[in-house]
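First comes the structure, then the notes that go with it.
Note that this is a predicted model, so its numbers are computed, not measured.
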Amino acid sequence: MTPENSWWSWDHAFAVLPSLLLEGFKITLIATVLGTLIALVLGLVVAIVRRSAPRFISTPFTWVVEFIRMTPLVVQLVFANLVFSPYVDSSLSIGIWVLGIHYTTYMAEVYRAGIDSVPQGQWEAATALSLPRMRTWRAVVVPQAIRNTVPALGNYAISMFKETPFLFVIYVPELLNVAQNYGSTHFRYTEAITLAGLIFLAASYPTSLLIRRLEKKLA
């Protein structure tokens, strides 16, 4: 047995690891995947609206996007939890939507840059062929824009994964929250927090390498 006053205890490490992996990491992964899907879809919608809608529609969109992007994620989580918790049973659902909407503002800018990178000749060719506006977006512009933005979108997905610990402010049992709960119960934080950090590293670093390789391939 490892002495309780030692810096590291393998007994506590092996005791906390299953709960970190089975409980905390599962919640973290669910929040990241669903939040990313929300951000990917809403980000594209926001980018298209800001690019093509009349000014009286695009201007309010711009104000809302800038407001969300310029306010801290933690504040948004606490505010949304206070407002919606009486109507939503799960704090995780609130957290997923807040993460998704928060990162929508960043991914919308990525999409906007991708749309602007589409050569003007593509727009002119679609006009010359008398393609409807919707089909021009769907068949010509969006596929090229998404191809140019995949690496940046992937990087934001990784950033969202690394920011899921902020869900602890609304009592979502994600990876770091499980580690802290174990530490407060057993008065041993080192093992739990260290293992949580290693799990984050093991999940995010290989993903970043894949995105970097994809970026070079698409360049």
Contact check, side chains of [X] and [Y], non-hydrogen atoms, under 4.5 Å:
X	Y	value
Val172	Asn177	no
Gln180	Ile193	yes
Asn155	Ile211	yes
Thr62	Glu66	yes

Rounded to the nearest 0.5 Å, what separates atom [atom1] in [X] from atom [atom2] in [Y]?
X	Y	atom1	atom2	value
Ile30	Ile96	CD1	CD1	7.0 Å
Arg69	His102	CZ	NE2	10.0 Å
Ile101	Ile68	CD1	CD1	6.5 Å

Aromatic ring pairing Tyr182/His186, orientation class (parallel under 30°, perpendicular over 60°, tilted between):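 Ring orientation, 0 to 90° scale: parallel.
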
Donor-acceptor under 3.5 Å (Ser93 side chain, Asp89 main chain):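 Judged by distance alone, no pair lies under 3.5 Å.
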
Any donor-acceptor N/O pair, Gln144 side chain to Val140 backbone, under 3.5 Å: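 Judged by distance alone, yes, a pair lies under 3.5 Å.
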
Centroid-centroid under 6.0 Å between Phe84 and Tyr87 rings: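 Centroid distance Phe84-Tyr87: not below 6.0 Å, so no.
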
Polar contact flag, side-chain donor to acceptor under 3.5 angstrom, Glu191-Ser9: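 Short answer, no.
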
Contact summary for Ala31 and Leu167, nearest pair of heavy atoms: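 In terms of heavy atoms, the two residues are closest at CB-CD1, 3.9 Å.
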
